[in-house]
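The analysis underlying the following values was restricted to heavy atoms, covering all of them including side chains, and did not include hydrogens, waters or symmetry mates. Since the structure is predicted, the reported quantities are computational estimates derived from the model, not experimental observations.
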Amino acid sequence: MEQQAAHQFPVDSEIVEIKQDTTGNINKTYVVTLADAERFILQRINKTVFTQPELVMRNIRTFSEHVTRKLAVAPLDKGRRWETPRVMATQDGRDFWLDPEGEYWRALSFIPRSRSYNTAQSEDHAYEVGFGLGAFHNLISDLPADQLADTLPGFHIAPGYLAHFDKVVTNHKTELTAEVRYGLDFVATRRGLASVLEDAKASGKLPLRPIHGDPKINNVMMDTTTGQAISIIDLDTVKPGLVHYDIGDGLRSACNPLGEETKDFDSVCFEPELGKAILSGYLEQAHHFLTPADYEHLFDAIRLIAFELGLRFFTDHLAGDVYFTANYRGHNLERALVQFALCKSIESQESTIRKIIADAL
Ligand code: GN1
Ligand code: MG
């Protein structure tokens, strides 16, 4: 179907290759290459996760128009390059193509001369990941909340994930292997962590702001010549939330040198020096809008987002792999064990990480 889908989006040159990119866990993604060497991204939106794909596309348009307008009057510091993925229209001017089976396909511009990585390549790279996230937060900071639809209710609401986990645990028919027992135990001893950010939000300590929602390291595009961050892609979850979800996600993904897909759980660790570099890049752009309460919750956020993602993968394993794409049975369990090991490593380095946060101010 990807062949037929790719031809719904008018381009200047002939399509010569359509290649699947398997890095994402939700949508199905292809890189389409044209005869003139231009490329674009073709995606089949996951309707089970994003039940209203039209709203996702409307949000992306709202986002891009806002950012493009803003950059035209106030470009980033020091003439830095910054790019925003463009939604490509179908022949009849729509944001997506609905295939005969009812699946939604969209096309987005490919950001030229850029690439991303699944793990941090150096402290300079980590600094740039942080800088990119700070620049992104600045660019959307004045995007009015009422212009963005909630495309994924409950996203990053950790107590909600815990409640769902409890339901799944009651009904699951998964074999109680040593690893599953370990996971159940891991969650049981950390349940109390889940509400830390939502409690701070409810008590008015942390404000809602527009966020990316999924700024993991491989969504931060780097210029292939300068090595600078020039875009954050994957805009499906841009909506009001806590910047802590984003900061936590940036750190949990970029400070894990073995990456999300390793099977070497015992060697998984959180690398504080990479965290320091990310925070310094981030704060260069974001220090002016962060409050003391924001800083106070940074450590909690880093630990929580690793725990939360582990919990989400683990729940999905118990539920039978209904949310995240799994390449084999046990894949989501392995991913959960990686995030749990990362969470443990964060906990064991709490004083070092807290000191890095304090020194970054
Ligand atoms: C999912 O599809 P992808 O890889 O961009 C997930 C994120 C997770 C991430 C972990 C909408 O993102 O929340 O952090 O996997 N996205 C959604 O790799 O659930
Ligand atoms: Mg995503």
Side-chain angles (χ1 to χ4, degrees), residues 21 23-24 27 29-34 36-43 59-88 106-143 210-238 243 246-247 249-251 253-255 259 274-275 277-289:
D21 176 314
T23 24
N27 298 321
T29 302
Y30 300 85
V31 180
V32 182
T33 307
L34 308 178
D36 60 6
E38 292 288 317
R39 284 178 280 183
F40 70 87
I41 301 294
L42 176 71
Q43 286 186 309
N59 273 7
I60 298 181
R61 270 204 189 274
T62 306
F63 163 89
S64 333
E65 282 162 17
H66 177 86
V67 170
T68 308
R69 235 183 353 252
K70 216 164 150 176
L71 282 172
V73 271
L76 287 197
D77 305 349
K78 303 170 200 146
R80 258 184 180 254
R81 179 179 174 208
W82 192 265
E83 309 262 356
T84 302
R86 245 178 335 98
V87 174
M88 292 165 55
R106 68 169 172 212
L108 297 160
S109 61
F110 184 89
I111 295 164
R113 291 170 286 113
S114 78
R115 64 161 300 184
S116 72
Y117 301 84
N118 291 328
T119 55
Q121 307 297 297
S122 63
E123 283 174 27
D124 287 348
H125 178 206
Y127 173 91
E128 283 297 323
V129 168
F131 186 98
L133 183 59
F136 187 94
H137 281 169
N138 265 329
L139 284 166
I140 57 169
S141 58
D142 54 348
L143 186 54
I211 62 160
H212 180 281
D214 186 14
K216 62 176 175 181
I217 184 167
N218 62 13
N219 279 335
V220 185
M221 302 307 292
M222 318 302 295
D223 184 294
T224 44
T225 311
T226 63
Q228 290 184 329
I230 52 161
S231 185
I232 306 194
I233 58 167
D234 188 0
L235 305 165
D236 295 337
T237 49
V238 171
V243 288
D246 278 359
I247 301 170
D249 200 54
L251 274 102
S253 63
C255 301
L274 292 172
I278 296 179
L279 278 181
S280 112
Y282 180 73
L283 292 176
E284 181 169 329
Q285 285 291 295
H287 66 95
H288 65 93
F289 64 73

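- Taking 4.5 Å as the limit, every side-chain heavy atom of Leu108 sits out of range of all side-chain heavy atoms of Arg86.
- Put simply, OG on Ser253 and CG on Leu274 are 11.0 Å apart, with the number rounded to the nearest 0.5 Å.
- For the pair Ser141/Lys70, a side-chain contact is recorded, criterion being any heavy-atom separation below 4.5 Å from C-beta on.
- Residues His137 and Phe289 come closest through the heavy atom pair CB-CZ, 3.8 Å.
- The shortest non-hydrogen separation linking Ile233 to Pro85 is CG2-CG, 3.9 Å.
- Here OH of Tyr117 is found 6.5 Å from NE2 of His125. Values are rounded to the nearest 0.5 Å.
- Residues Glu284 and Tyr127 are in side-chain contact: their nearest non-hydrogen atoms beyond the backbone lie under 4.5 Å apart.
- Taking both residues in full, the closest heavy atoms of Asp246 and Leu133 are given as O-CD2, 3.7 Å, listed atom of the first, atom of the second, then distance.
- Taking Arg81 as the reference, Glu83, Asp223 meet the salt bridge (charged side-chain N to carboxylate O under 4.0 Å, His left out) condition, with sequence neighbours excluded.
- A distance of 10.0 Å separates CG in Asn59 from OG1 in Thr237, rounded to the nearest 0.5 Å.
- Note that NZ of Lys216 is 15.5 Å distant from CG of Leu251, once rounded to the nearest 0.5 Å.
- More than 12 heavy-atom neighbours from other residues, nucleotides or ligands sit within 6.0 angstrom of CZ on Arg80.
- The closest side-chain donor-acceptor pair between Asp21 and Thr23 falls under 3.5 angstrom.
- Side-chain contact between Asn219 and Phe136 is absent, with no heavy-atom pair separated by less than 4.5 Å.
- The backbone N or O of Phe63 lies less than 3.5 Å from no partner atom in the side chain of Glu65, so there is not a single donor-acceptor pair.
- Separation of atoms CD (Gln285) and OG (Ser280) is listed at 11.5 Å; rounding is to 0.5 Å.
- Contact of the Val31 side chain with the Ile41 side chain is registered, since non-hydrogen atoms from C-beta on lie closer than 4.5 Å.
- Residues passing the side chain to side chain contact (heavy atoms under 4.5 Å, CB included) test with Ser114 are Ile111, Met221, Ile230, sequence neighbours excluded.
- The CG atom of Asn27 sits 7.0 Å away from atom CG of Asp234, with the distance rounded to the nearest 0.5 Å.
- Asp249 has its side chain within reach of Asp214: a pair of non-hydrogen atoms, C-beta onward, lies under 4.5 Å apart.
- Here the closest heavy-atom approach between residue Val220 and residue Pro215 is recorded as CG2-O, 4.4 Å.
- Between Ile217 and Ala254, the shortest heavy-atom distance links the atoms CD1-CB, 3.8 Å.
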Could you go through Asp142 and His66, starting from their C-alpha distance and side-chain angles, then the distance that decides it, and tell me whether this counts as side chain to side chain donor-acceptor pair (under 3.5 Å)?
CA-CA 9 Å; Asp142 54 348; His66 177 86; 2.8 Å; yes

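- With a 4.5 Å cut-off on side-chain heavy atoms, Ile60 and Asp236 count as touching.
- In terms of heavy atoms, Tyr282 sits closest to Ile247 at CE2-CD1, 3.6 Å.
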Step-by-step side-chain contact (heavy atoms from CB on, under 4.5 Å) determination, Leu34 to Arg39:
CA-CA 6 Å; Leu34 308 178; Arg39 284 178 280 183; over 6 Å; no

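- Side-chain contact between Leu71 and Leu76 is present, with heavy atoms from C-beta onward closer than 4.5 Å.
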